[in-house]
Amino acid sequence: MLSANCLYERKFVSLLLCNARKVVEQLLPKLLLIRLSLHHIHLIAFLIPLGLLSGCIKQTSLEKVQQEGVLHIVTRNAPAIYYEDKDGPAGLEYDLAKLFAEELGVELRVRVADDQQEIERILDGGFTNFAAAGIASTRHQNEKYKQSPFHSESPLLVIYKVGTYRPRDIEDLLGKKIEVPSTWAHRDVLVDLQQVNPALTWAESSDTDTFELLRKVVENEIDYTVIDAATLALHQAYYPRAQIAFTLTEPLKFGWQFGSHEDGTLADKSVLFFERIKSDGTLDHLYERYYGHIGQLNYVDARTFKHHIGTRLPSFISLFEEAAEEERLDWRLLAAIGYQESHWRPHAKSPTGVRGLMMLTQATAQDMNVADRLDPESSIRGGARYFKKTHSRIPERIHEPDRTWFALAAYNVGLGHLEDARVLTERDGKDPDKWADVMNYLPLLQQKKWYSQTKHGYARGEEPVHYVQNIRRYFDVLTFTSEQALAQEMAKQQVKEESKLTTSSLDGKQTAELTLPDPLKTLPPAL
């Protein structure tokens, strides 16, 4: 049987290892009555620091992440938030979280939720460290979750179909069929407006994305929808008739949400992270990647592109797919290049001598073994080989997607002029390996003050900038449009074309109902 001294000693050590404060409060009075041996004193002196450093002390959220070596986030599938492309995961929120994980020295693990409600359930259950899902800060969010610094802002907009009545204010929305995404940002704003306008009603959709809501507006299934400006910009090129009626709110602010289980240490770390990427330009470069090319297509351009997806692309899509597979490219990128070059016209030509669907020069055609530049298959295969060759000559240290943007610029203006612009960029203290920086220096090659300092001299430097940005926008539309939606658009346009070619009788004579002139046919081809 253990002596009283031994029992107290064991109890003392056990409690000391877990909670030094409790030791003092509970055992010190009794210890004063016990004569401790020198051995006991030495043992306790040795165990005190162990107790203070032991696992009995609760870890912070940041320490848990660093000990586990994994940062968990929850997000959702959407353009510029999180999606899978040919090179792997992408999206603004994903890239930001990946950089944050790298700064912590841990692995990033992503969980994809279907909607905001599921995101909240995952946050509330403590099954993730934070949400990086393009969620706006609202009254509800601020009350429930800790917020990171905001990385972007965007107002909510009322969207209508061009050609129908354009609402000007809230009163014009009363009694109308309105459908919006099921988010707290929309709900908080609309509920507040409903307090003043009780007749305002709307439907919330948790399983319908923005792309589908725009389609419903354009096809008259609903009168209006409400979405944020950044999301509209990403989708509007495919539904150009969906336009802004009026701005519903001041800009909403977007950041990360930390659940109640987070003790603040991880959120505090995010403050330092965002301060750094804002000050060193990293955040600006990410914005340029996902939003820098958004404004390239105007209303007419976007409608024309959508029309040509249905009427011209079906004749060449298999050729783009086959050529892209041979060269290990994305067929949609190849198709976007072809559209920028010729608007998918196989017999296009320019005064400078470039010809065909991919607008190859005679020298390039010979180099790529293209015998007939006017043959669509030969032109597309030659263009794919030439782009792949150009892409391979871009310095390997330049990572995607900048590597592809540089290859496109070189495809248009030549590697020599691209390198001149990169030299100017570096001399001015900017990053010559980032498209967001170099695109600002390419136009300087048109000015003698600048091109006189370069190896290859004058170039029409604005052209490759517009060239790249246009292709990025076309590529976005093809990328974020599902295969099913593309097929439906192609089928719909085919029916329209067939109906326009039906004959009608006029004054006893058979005449064909011709389509309206293609506005692009009156314009010079893209160079």
Side-chain angles (χ1 to χ4, degrees), residues 71 73-104 106-110 112 129-137 147-154 228-235 251-257 267 269-296 333 394 397-409 422 425 429-441 465 468-469 471-473 475-476 479-480:
L71 179 68
I73 69 165
V74 60
T75 188
R76 60 188 176 92
N77 276 124
I81 293 178
Y82 175 84
Y83 61 93
E84 296 277 348
D85 67 9
K86 65 181 180 65
D87 298 313
L92 176 63
E93 291 283 16
Y94 171 80
D95 284 352
L96 287 170
K98 188 76 166 62
L99 288 173
F100 187 47
E102 290 173 357
E103 185 162 294
L104 298 178
V106 299
E107 173 192 350
L108 179 67
R109 290 186 187 172
V110 178
V112 180
N129 294 121
F130 61 85
I135 298 175
S137 174
Q147 303 287 324
S148 75
F150 306 123
H151 58 67
S152 59
E153 58 182 37
S154 181
D228 69 271
T231 303
L232 173 67
L234 290 168
H235 293 290
L252 301 176
K253 300 181 183 300
F254 294 82
W256 297 340
Q257 290 74 40
K269 191 70 174 178
S270 76
V271 173
L272 301 176
F273 167 72
F274 278 107
E275 287 178 354
R276 179 184 67 77
I277 65 172
K278 288 177 181 178
S279 63
D280 67 12
T282 300
L283 187 58
D284 289 338
H285 285 146
L286 286 176
Y287 271 174
E288 198 287 326
R289 174 179 179 180
Y290 293 103
Y291 295 103
H293 58 295
I294 291 300
Q296 288 301 116
L333 177 63
I394 302 299
R397 70 174 181 274
I398 299 176
H399 302 296
E400 294 291 1
D402 295 272
R403 187 179 175 89
T404 292
W405 308 153
F406 282 131
L408 288 172
R422 294 182 64 231
T425 304
K430 299 298 191 297
D431 192 339
D433 295 344
K434 295 293 186 182
W435 173 250
D437 287 343
V438 177
M439 64 180 287
N440 296 318
Y441 289 84
V465 175
V468 173
Q469 302 300 74
I471 289 174
R472 291 174 64 183
R473 198 66 182 107
F475 177 65
D476 270 1
T479 298
F480 296 127

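All residue numbers refer to positions in the sequence shown, counting from 1.
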Ser279 side chain to Glu275 side chain, donor-acceptor N/O pair below 3.5 angstrom: no
In Å and rounded to the nearest 0.5 Å, what is the [atom1] to [atom2] distance from [X] to [Y]?
X: Glu93; Y: Leu286; atom1: CD; atom2: CG; result: 10.5 Å
X: His285; Y: Asp280; atom1: NE2; atom2: CG; result: 9.0 Å
X: Arg289; Y: Glu400; atom1: CZ; atom2: CD; result: 8.5 Å
X: Ile81; Y: Leu96; atom1: CD1; atom2: CG; result: 11.5 Å
X: Lys269; Y: Glu103; atom1: NZ; atom2: CD; result: 6.0 Å
X: Leu408; Y: Arg472; atom1: CG; atom2: CZ; result: 9.5 Å

Leu71/Phe130 under side chain to side chain contact (heavy atoms under 4.5 Å, CB included): CA gap, chis, key distance, verdict: CA-CA 9 Å; Leu71 179 68; Phe130 61 85; 3.8 Å; yes
Minimum side-chain heavy-atom gap Tyr82-Asn77 below 4.5 Å: yes
Non-hydrogen side-chain atoms of Tyr291 and Leu92 separated by less than 4.5 Å: yes
Non-neighbouring partners of Asp433 that pass side-chain contact (heavy atoms from CB on, under 4.5 Å), sequence neighbours left out: Arg397, Ile398, Arg422, Asp431
Has the side chain of [X] got a donor or acceptor atom that lies under 3.5 Å from a matching backbone atom of [Y]?
X: Ser154; Y: Ala229; answer: yes
X: Thr75; Y: Ala132; answer: yes
X: Asp284; Y: Lys278; answer: no

Shortest non-hydrogen contact between [X] and [Y], atoms and distance:
X: Ala78; Y: Tyr83; answer: O-CD2, 3.9 Å
X: Phe406; Y: Pro432; answer: CZ-O, 3.6 Å
X: Asp402; Y: Trp435; answer: OD1-N, 2.9 Å
X: Phe274; Y: Ser148; answer: CE1-OG, 3.9 Å
X: Leu108; Y: Ala101; answer: CB-CB, 3.9 Å
X: Glu288; Y: Ala436; answer: CG-CB, 3.5 Å

Chi angles and distances behind the side chain to side chain contact (heavy atoms under 4.5 Å, CB included) call for Met439, Gln469: CA-CA 10 Å; Met439 64 180 287; Gln469 302 300 74; 3.5 Å; yes
Verdict with supporting geometry, Leu99 and Phe273, side chain to side chain contact (heavy atoms under 4.5 Å, CB included): CA-CA 9 Å; Leu99 288 173; Phe273 167 72; 3.8 Å; yes
Trace of the side chain to side chain contact (heavy atoms under 4.5 Å, CB included) decision for Thr479 with Leu333: CA-CA 9 Å; Thr479 298; Leu333 177 63; over 6 Å; no
